[in-house]
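For clarity, every value in this text was computed on a predicted model and none was experimentally measured.
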Amino acid sequence: SVLEIILIVFILFLVYRLIRNILDILRPPPVPVPAAASTRGAAAFNGENGAAIYICVKGVVFDMSSGRDFYGPGGAYAVFAGHDATRALAKMSVDAAVVNDRNTADLTADELDALNGWFTKFQSKYPVVGQLVEAKKDN
């Protein structure tokens, strides 16, 4: 009957909400990864001495440790390790001067497409460990 269908749909909705809430509880809190290369904590995520390799793209911090050959010390993209690579990836540049520049306002459509392509690739391949937060300034 119609009442049974409504009841089943309602129960399925409640189960969905319950599972979603459980997953939200299990999700790790954002990791405070410093935004600037000069910040003391950034070096901790550069892969040296076996440390984790974190790279930020579009405000999202990825654990790139499984790509240590590429992003770790001596790798082709090691310059990104422990830094925000947003603009550098958009510009397809490994120039250290471009790393940590999060300005995307002046990027061309092709550069934005390249950035979004990298972001999508990273989302499918590497775990997200947090969101980029501004480091507190010492007084």
Point to revise | Step-by-step side chain to side chain contact (heavy atoms under 4.5 Å, CB included) determination, Leu89 to Phe80 | key: CA-CA 9 Å; Leu89 290 170; Phe80 301 151; 3.7 Å; yes
Check your understanding: Residues in side-chain contact (heavy atoms from CB on, under 4.5 Å) with Leu18, at least two apart?
Key ->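 Here the qualifying residues are Ile22.
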Exercise for review: For side chain to side chain donor-acceptor pair (under 3.5 Å), just list the numbers for Ser93 and Asp95, CA-CA rounded to whole Å, side-chain angles, deciding distance to a tenth of an Å, and then say yes or no.
Suggested key: CA-CA 5 Å; Ser93 172; Asp95 182 357; 4.9 Å; no
Check your understanding: Val79 and Val98: same hydrophobic cluster, using ILVMFWY side-chain contacts below 4.5 Å?
Key ->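 Result: no, two separate clusters.
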Practice item. Output yes when a side-chain donor or acceptor of Ser124 lies under 3.5 Å from a complementary backbone atom of Lys121, and no otherwise. Key: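 Side chain of Ser124 to backbone of Lys121, a donor-acceptor pair under 3.5 Å: yes, one is there.
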Under 4.5 Å between any side-chain heavy atoms of [X] and [Y], yes or no?
X      : Y      : value
Asp84  : Val99  : no
Trp118 : Met92  : yes
Lys91  : Glu111 : yes
Leu115 : Asp113 : no
Met64  : Tyr77  : no

Point to revise | Interatomic spacing from NZ in Lys58 to OG1 in Thr86 - rounded to 0.5 Å | key: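 Those atoms lie 8.5 Å apart.
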Practice item. May I ask you to check whether Phe62 and Phe119 place their ring centers less than 6.0 Å from one another? Key: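 Yes, ring centres under 6.0 Å apart.
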Exercise for review: Applying side chain to side chain contact (heavy atoms under 4.5 Å, CB included), run through Ile55 and His83 and close with a yes or a no.
Suggested key: CA-CA 6 Å; Ile55 296 176; His83 300 288; over 6 Å; no
Exercise for review: Any chance you could lay out the side chain to side chain contact (heavy atoms under 4.5 Å, CB included) test for Asp63 and Tyr126, step after step, and finish with the verdict?
Suggested key: CA-CA 6 Å; Asp63 183 346; Tyr126 301 104; 5.9 Å; no
